[in-house]
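A short write-up of the structure that comes next.
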Amino acid sequence: MPELKESPLRFRGYAEPDMAQRAAEFRELMSRRRTVRHFSDRPVPRRLIEDCVMTAASAPSGANQQPWTFVCISDPAMKTRIRVAAEEEEREFYSGRASQEWLDALGPLGTDPDKPFLETAPWLIAIFAQRYGLGPDGGKIKHYYVPESVGIATGLLISSLHNAGLASLTHTPSPMGFLNAICDRPDREKAIILLVAGYPAEDAKVPDIRRKGADEIIVWRE
Ligand code: IYR
């Protein structure tokens with residue numbers, strides 16, 4: 001067994017009234033997060049995106065393998081290539097690949113195959129899951145709980161962007177293989193989500209949806 005190396009936990013505790021206030025305030029902040037489909041072309045500094053992505057990368061991961069790659073794209077030519085490829089897949093999806101049941105479920109969201117936001121929004125973040133890693137000698141390193149790890153990191157990224165005052169959209173054109181080619185990522189990486197990030201358009205509207213209440217999603221056993 002290798003020797004276990006430990007360091008101090010940089011835990012910060014709060015008085016209980018402060019904890020209650022912090023929890024309530026964070027809940028309120030996050031309750032305002034909405035998936036946005038109408039973006040402004042107003043630029044967003046790269047530093048802001050980097051901070052949010054590095055927060056995402058603080059996520060727990062299986063055996064701390066950190067099995068993710070974030071390709072952050074503001075290059076207009078690359079965004080155009082992504083839009084063209086995504087819309088090609090989406091046209092197939094909406095005109096036959098998706099079941100009627102699936103299309104009916106999407107009805108209230110008003111989505112369609114046109115994805116202008118892929119060019120309008122200042123940043124696209126292609127999130128790749130690494131099926132396995134590579135050691136210094138080029139050997140395969142097994143990764144564990146990859147979808148769970150990348151899912152948690154993506155949640156942190158969406159929360160960080162919202163906290164910074166940016167809107168996002170979890171876009172999932174399917175299949176997403178074209179992103180490997182455009183982003184120049186190896187086959188051992190699988191695109192999971194194309195996150196669109198930026199400011200909402202001034203007139204942005206969102207579907208009138210409701211979130212489930214505590215009594216619908218929490219089961220208490222006290
Ligand atoms: N990928 C398609 C369809 C789509 C699927 C689900 I599930 C959504 O929640 C939203 C859209 C699209 O992006 O339009």
Side-chain angles (χ1 to χ4, degrees), residues 30-41 44 49 52-53 56 68-76 78-129 146-162 166-183 185 189-201 203-213 216-217:
M30 293 309 296
S31 76
R32 292 171 184 275
R33 187 208 58 79
R34 290 296 308 267
T35 288
V36 165
R37 293 190 167 78
H38 304 282
F39 283 85
S40 153
D41 61 3
V44 169
I49 298 299
C52 294
V53 171
W68 42 60
T69 305
F70 301 87
V71 180
C72 301
I73 303 152
S74 66
D75 173 26
M78 215 161 150
K79 289 196 292 183
T80 299
R81 287 176 67 199
I82 290 175
R83 177 182 179 181
V84 168
E87 286 185 338
E88 214 167 284
E89 298 295 359
E90 295 292 285
R91 271 194 296 276
E92 299 255 333
F93 174 86
Y94 283 94
S95 68
R97 204 188 291 140
S99 64
Q100 194 52 48
E101 189 182 22
W102 193 343
L103 294 176
D104 290 346
L106 293 178
L109 302 182
T111 56
D112 63 36
D114 294 330
K115 308 296 178 190
F117 49 75
L118 293 175
E119 287 186 291
T120 319
W123 289 98
L124 305 180
I125 307 174
I127 304 171
F128 289 85
V146 173
E148 291 85 348
S149 305
V150 176
I152 297 167
T154 301
L156 290 187
L157 178 52
I158 292 166
S159 306
S160 306
L161 291 166
H162 177 70
L166 293 171
S168 71
L169 162 62
T170 40
H171 182 40
T172 50
S174 166
M176 264 189 279
F178 66 85
L179 282 175
N180 284 72
I182 296 176
C183 300
R185 299 312 304 166
E189 296 190 4
K190 179 180 173 7
I192 302 292
I193 280 171
L194 182 57
L195 200 68
V196 183
Y199 294 96
D203 57 351
K205 294 254 190 318
V206 288
D208 186 16
I209 54 164
R210 79 171 262 285
R211 290 187 170 130
K212 291 181 181 174
E216 293 170 278
I217 60 155

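Order of appearance sets the numbers: ligands from 1, and atoms from 1 within every ligand. Side chains are part of it too, since the values below use all heavy atoms of this structure and drop only hydrogens, waters and symmetry mates.
- Selection from Glu90, Glu89, Arg37 by nearest heavy atom to atom 13 (O) of ligand 1 gives Glu90.
- In terms of protein heavy-atom proximity, atom 7 (I) of ligand 1 is nearest to Trp102 NE1, 3.6 Å.
- Enclosure of atom CZ in Arg211 by more than 12 non-hydrogen atoms of other residues, nucleotides or ligands within 6.0 angstrom is indicated.
- For Glu101, the CD atom is loosely surrounded, since the number of other residues' heavy atoms within 6.0 Å does not exceed 12.
- Residue Phe93 has at least one heavy-atom neighbour below 4.0 Å for each of these atoms of ligand 1: 3 (C).
- Note: Leu195 CG to Leu161 CG = 6.0 Å, rounded to the nearest 0.5 Å.
- Put simply, the side chain of Trp123 never gets that close to the backbone of Ile49: no donor and acceptor are under 3.5 Å apart.
- One finds a salt bridge joining Arg185 and Glu189 here, because a Lys/Arg side-chain nitrogen approaches an Asp/Glu carboxylate oxygen to under 4.0 Å.
- Exactly one of Lys79, Arg83, Glu119 qualifies for a side chain to side chain contact (heavy atoms under 4.5 Å, CB included) with Leu124. That residue is Lys79.
- Interface atoms of ligand 1 facing His171, defined by a heavy-atom separation under 4.0 Å, are 13 (O).
- For ligand 1, the polar-atom distance check finds an N/O of Tyr94 within less than 3.5 Å of one of the ligand's N/O atoms.
- Proximity annotation for atom 4 (C) of ligand 1: of Leu106, Thr170, Thr172, Leu106 comes nearest, heavy atoms only.
- Of all atoms in ligand 1, numbered sequentially from 1 with element shown, those under 4.0 Å from a heavy atom of Lys115 are 12 (C), 13 (O), 14 (O).
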